[in-house]
Amino acid sequence: MRIDFKTIEAKWKSAWDQNKVYQVTHLDGKPKFYVLDMFPYPSGSGLHVGHPLGYVASDIISRYKRMSGFNVLHPMGFDAFGLPAEQYAIQSNIHPVTATESNISRYKEQLSNIGFSYDWSREVRTCDPAFYHWTQWIFLQLFSHYYDQDENKAIAISSLIARFQKSGNAGINAATGQESEFTHDDWQRMSAKEQDDVLMNYRLAFRKISYVNWCEALGTVLANDEVKDGVSERGGYPVERRAMIQWSLRVSAYAERLLNDLDSLEWTDSMKAMQSNWIGRSEGAQLDFDVVESEHSVRIFTTRPDTIYGSTFMVLAPEHPLVDLITSPELKNVVNQYKDFVKTRSERDRLAGTKQMTGAFTGAYAANPFTNEKIQIWIADYVLMDYGTGAIMAVPGDDTRDLAFAKKFKLPVIEIIERPDGGETGDRRGVMINSQSLNGLSVQEAIAKILGEIEQRKLGSRLVQYKMRDAIYSRQRYWGEPIPIVYDTSGVAYAMEETKLPLVLPDLDDFKPGGSASPLARVTEWVNTPNGMQRDTDTMPGYAGSSWYFLRYMDPWNKSRFAGKDEINYWRDVDLYIGGTEHAVGHLMYARFWHKFLYDKGLVPTAEPFRRLVNQGMIQGVIEYLFMYKEKQNGITKFVCTKLIADESEDALVRIAIPVIFVENYGSPDSHLTIEGIEKLIEWRPEYQDAIFECTQGTYHQGKFTPKGTATGSKLYTQSEIGKMGKRYHNVVDPNDVVAKYGADCFRMYEMFLGPLEQSKPWDTRNIDGVSRFLKKFWSLFHTDDDRFEITDEPATREELKILHQAIKHVRSDIERLSLNTCISHFMTATNELKKLNCQKRAVLEPIVLLIAPFAPFISEEIWELLGHQTSVHLAEYPEFNPHFLVEDVIVYPVCINGKKRTEASFDLNASQKDMESTVLGMESVQKWLEGQSIKKVVIVPGRMINIVI
RNA sequence: GCCGAAGUGGCGGAACUGGUAGACGCGCUGGACUCAAAAUCCAGUGUCUGCAAAGAUGUGCGGGUUCGAGUCCCGCCUUCGGUACCA
């Protein structure tokens, strides 16, 4: 018995295409359901088996929901702008447009082979001018709005200008970088450039000089979430801090809402935790410390105002603007030297040089506002300019970093908390000491009390701080959306007229990064506009297009709006979003921020874009390493068997990843190369043809194997690891190959059967045969031994119906909770049992076909046709569970408590009768059994145990 | 350090609100078919004792709650993910 899946797949792919089975419109009376995948970067290496994991899951849900009476939006597109696409283009020296085109067609071909039910008529590409027109448009909306904290929403900048003209900026409560106050007279007197500078401090998309993460190797700045451990996330290149003039988005204005609204989302706890850690809310107070013998004061932020009596010195960030103003003349040199030293330390050095405290004394003193004690003011790089106020009051009695600093520079320490035994610095348990009015209070009480005093004596105020910084938005690269801003000769920024959008990226031959400026800066005819203005030459970051693409799918053809009103109001938000955790703080944060902004403008009906979020795990690959000596011996490369040289120093060895297909027993402790494997290796890498291979039983050299004794056969052990699937490990599995060998249905089911969706798991082809066998068995339910389709119209027996309804019950509830691996187990169980009963009845098998259709669309479609149906199985109704057959064996655990003594008994109620009626019988026999006992309560849950409380 | 998730056979993993632990698949063992192999089918398969019936034991470790714990509580250990001079 064979299934000709190649013919079946080709047949139905074109049938679905021709009949536009998966096209949806919003004009439909049915309830909507929006299932979204995180769209991929079309990279040069194509999809590997890991990519479709989430897509298979979302496709199953889409098909299931469609069959359950929903109008389902299930689109796909490409995140084609940005660093990866451009890096690939530079490496392969092919223009990004060309490379992107061909990559996308490869991706689409691979995706279509897996039988996804995407509505391709809605495909979007972020690099398409018809798409990025609206990315630029939203950017300009951000540019022309500010965040009003009284209204708690974004308001047009024009109304802010009107208020400035009337009464200056006093009384305006906005998210702003503006520090100084001005009156309406001041405003009128400002030059256009000065007014522009002020407005930049309010705009939600704004340009200013700030310290940014500059990556020399990539030739661009990066946002905080694009930097991991001091190196770029993409490529792992070093990143340094640099002051540059850059566009940023004022995400911080939305920090509170981004944090609070997490509660309303069906996301995993870990996902919510990641976002809330990134936002990093902390409550505290800001306080001013007067600098002794000067007119200056230092503003600090602290979450522990209760420790103020223990503050024995202050520390400013080296970049703090006050440093130059307060440093005493004789210490200027030392301070400047230290500032230079800090500049030379890259972000990475700072992280690597752990706990090594460095700093310099400014010579200035401040007065502790509570004790009036004179305390020294230092600078040190453990205080960061861009968190809080860039200055702290140091409390070595309660902060480990301050304590380390105090010890190193011999500064005084005052203990302010009497801790219980074993309590360490920073421990919040204990009572306050040496703190005047706070003595004897707990930390919590002390914080409450001191905050009251601070406000009463007008020394400072309560303040909530967020770790989250504004997002740097400029990239000095070619392959991105041009920033639609022009400047006049005095440098005032203007939004490009919306009618002139999209500002299309010029076609360049040389698109390589160009120092600190974008490659676009080299195109003078593009930079200079006819009316004497100059264009901004930076482009937008990778997350720009992905921050709103899900809205475009709702109405991708719209030419006059980012998406039509009716369409947006119909589809509203994404019901289920599936994608990887790597976007936890990047894409997902920005998309939520943009969405909230659009919500403030009344352009979208919901405050959150993604109702339910599921993170699929990674599919890992087996990596096989072979060991060779680092230095060639007499010009000859020597490979060694690791198990023979365990005692040798590992420094002399290098490991190289080799294709797993050469390796015998790959992925196991016995993974090794046989002589044939070595020959394959030499064929693959001819530079190793002269290499010496030292195996367990002899040596292989130049085509000859010299045994060490009488041994036959020999092994060259390799080392197995589970890790990423990627080109560099030679372990990429192309879904096309798997589909060609086993069929698309088998591929889809196997990906789901591997394990829970959220979990990372290694790809192991050896297990795929089980799923393949199942599909054959399933097919054989409908076919005779000589492969004739055969089905009977006999009524189903009780036993058969029970199998059916149990399968329906389990599969339905498992799909709802996205436990797709167990669904497949249930299909297998049902198939096995029906096979055993030799059941070939339509009444049983037809619903099973529907049940399995979302998982195995091709086979089910084929069988559906054989069953004599005209329409697609995917438009049929998903089978309903009939609860009549729900009740299973009833087991009773009655419990008797007689004083202190208890006895227990259990019995199986009439195990041979397994449906609703037997419960009634069961209850009777329970009651009979319990006669004479004092029963308080009997609880019956269908299909479950009966609990009897006495 | 802090935050989050998870530890179950030889392996991947089931067990929804506490209720017969190990579903389903892989692998392995034995058998059928075959000249033989592949494929397919049947039976068995946590561990220990036993010919068997059966018994004991068993969900990272140590305690606890409960008639009953993989599941709940307390204290540890390990692994993975995130994050960090964040004041």
Side-chain angles (χ1 to χ4, degrees), chain A residues 1-2 228-229 268-278 280-282 284 300-304 307 315 317 350-351 353-357 380-384 386-395 398-402 404-405 424 426 465-469 581-582 584-585 615 617-618 667-668 749-750 753-756 758-762 764 766-774 776-777 780 785 810 813-814 816-817 819 821-832 835-836 889 891-897 902-906 908 941 943-950:
Chain A
M1 171 123 29
R2 293 195 56 220
K228 295 254 151 77
D229 303 323
T268 59
D269 288 344
S270 66
M271 210 51 162
K272 289 184 184 179
M274 275 189 232
Q275 289 226 333
S276 86
N277 286 343
W278 187 261
R281 182 181 199 274
S282 46
I300 60 104
F301 172 73
T302 179
T303 55
R304 294 292 304 279
T307 62
V315 186
R350 265 176 81 155
L351 293 175
T354 47
K355 313 302 161 219
Q356 269 290 353
M357 286 296 180
D381 70 350
Y382 83 90
V383 174
L384 306 174
D386 48 10
Y387 182 74
T389 57
I392 61 159
M393 62 172 200
V395 185
D398 193 58
D399 184 287
T400 47
R401 291 155 306 168
D402 295 344
F405 195 81
E424 287 173 14
Q465 271 289 336
Y466 296 93
K467 262 195 273 192
M468 185 167 70
R469 318 277 155 78
T581 26
E582 66 271 23
V585 288
N615 303 110
M618 258 199 306
S668 76
M749 292 190 103
Y750 179 59
F753 192 57
L754 275 171
E758 294 91 337
Q759 218 165 75
S760 287
K761 53 240 160 184
D764 187 348
R766 282 170 287 200
N767 281 333
I768 202 168
D769 295 321
V771 178
S772 184
R773 244 169 252 165
F774 156 71
K776 280 180 202 153
K777 194 181 268 186
S780 78
D785 288 343
H810 286 136
S813 78
D814 285 355
E816 297 284 355
R817 349 176 246 131
S819 174
N821 52 329
T822 50
C823 285
I824 295 170
S825 301
H826 297 305
F827 292 138
M828 290 175 170
T829 310
T831 304
N832 287 343
K835 187 82 191 163
K836 242 176 237 170
D889 302 358
I891 303 167
V892 183
Y893 286 87
V895 179
C896 313
I897 303 172
R902 75 174 167 75
T903 55
E904 61 181 282
S906 67
D908 191 337
V941 184
R944 296 289 298 268
M945 307 272 174
I946 296 180
N947 275 324
I948 297 166
V949 183
I950 296 162

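Remember, it's a predicted structure, so these values are computed and weren't measured experimentally. Order of the sequence lines sets the chain letters (A, B, ...), proteins ahead of strands, with each chain counted from 1.
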- Select one nucleotide: of B:G4, B:A87, B:G82, the one nearest the side-chain heavy atoms of A:Ser270. B:G4
- Note on the structure: In whole angstroms, the gap separating C1' of B:C42 from NZ of A:Lys835 amounts to 14 Å
- So, A:Ser772 side chain and A:Ile768 main chain: donor-acceptor pair closer than 3.5 Å or not? no
- Side chain of A:Tyr387 - closest among B:G4, B:C26, B:A87: B:A87
- Between A:Asp814 and A:Thr829, just flag the one whose closest nucleotide in RNA chain B comes earlier from the 5' side. A:Asp814
- Looking at B:G27, B:G82, B:C85, which one has an atom nearest to any side-chain atom of A:Met357? B:C85
- Task: Give one of base, sugar-phosphate or nothing for A:Arg281, where a contact means two heavy atoms less than 4.0 Å apart.
- Result: nothing
- Task: For A:Met271 and for A:Ile392, find the nucleotide of RNA chain B with the closest heavy atom, then tell me which residue's nucleotide is more 5'.
- Result: A:Met271
- Message: Under 4.0 Å, counting only non-hydrogen atoms across every strand here, what does A:Asn832 touch: a base, just sugar-phosphate, or nothing?
- Response: sugar-phosphate
- Message: Quick check against the 3.5 Å criterion: does A:Ser819 have a side-chain atom that pairs as donor or acceptor with the backbone of A:Asp814?
- Response: no
- Task: With C1' as the reference atom in both, quote the distance from B:A53 to B:A5 in angstrom, rounded to an integer.
- Result: 46 Å
- Message: Could you identify the nucleotide paired to B:C80, looking across every strand shown and requiring Watson-Crick or G-U wobble geometry with both distances under 3.5 Å?
- Response: B:G4
- Item | Between B:A56 and B:G7 - P atom distance, rounded Å | 29 Å
- Query: What does B:U57 pair with, Watson-Crick or G-U, if both distances are under 3.5 Å?
  - Reply: B:G46
- Atom CE of A:Met357 and atom CZ of A:Arg401: how far apart are they, to the nearest 0.5 Å? 7.5 Å
- Message: With syn defined as a glycosidic angle within 90° of 0 and anti as the rest, where does B:G68 land?
- Response: anti
- Query: Roughly how far, to the nearest 0.5 Å, is CG of A:Asn832 from CZ of A:Phe827?
  - Reply: 13.5 Å
- Query: Given the C1' atoms of B:A32 and B:A37, what is the spacing between them in whole Å?
  - Reply: 15 Å
- Query: What nucleic acid atoms does A:Lys836 come within less than 4.0 Å of, heavy atoms only: base, sugar-phosphate, or nothing?
  - Reply: nothing
- Message: If I pick the P atom on B:C72 and the same atom on B:A15, what distance separates them, to the nearest angstrom?
- Response: 14 Å
- Between B:G4, B:C24, B:G82, which one does the side chain of A:Met274 approach most closely? B:G82
- Task: Choose from B:G25, B:C26, B:C86 the nucleotide whose nearest atom is closest to any side-chain atom of A:Arg773.
- Result: B:C26
Could you list the protein-to-nucleotides 12-14 of chain B atom pairs, N/O on both sides, closer than 3.5 Å?
unit_1: B:G12; atom_1: O2'; unit_2: A:Leu754; atom_2: O; d: 2.8
unit_1: B:G13; atom_1: OP1; unit_2: A:Gln759; atom_2: OE1; d: 2.8
unit_1: B:A14; atom_1: OP1; unit_2: A:Asn821; atom_2: ND2; d: 3.4

- Message: For B:U40, give the paired nucleotide (Watson-Crick: N1-N3 plus N6-O4 or O6-N4; G-U: N1-O2 and O6-N3; both under 3.5 Å), or none.
- Response: B:A32
- Of the nucleotides B:G4, B:A87, B:C26, which one has an atom closest to the side chain of A:Thr302? B:A87
- Message: Taking pairing as Watson-Crick or G-U wobble with both contacts under 3.5 Å, can you name the mate of B:G12, or confirm there isn't one?
- Response: B:C24
- Hits for side chain to side chain donor-acceptor pair (under 3.5 Å) against A:Gln275, two or more places apart or cross-chain, chain-then-number order -> A:Arg592
- Message: Taking any heavy-atom pair under 4.0 Å as a contact, classify A:Ser813: base, sugar-phosphate, or nothing.
- Response: nothing
- Query: For B:U65, which nucleotide in any strand shown is its Watson-Crick or wobble partner with both distances under 3.5 Å?
  - Reply: none
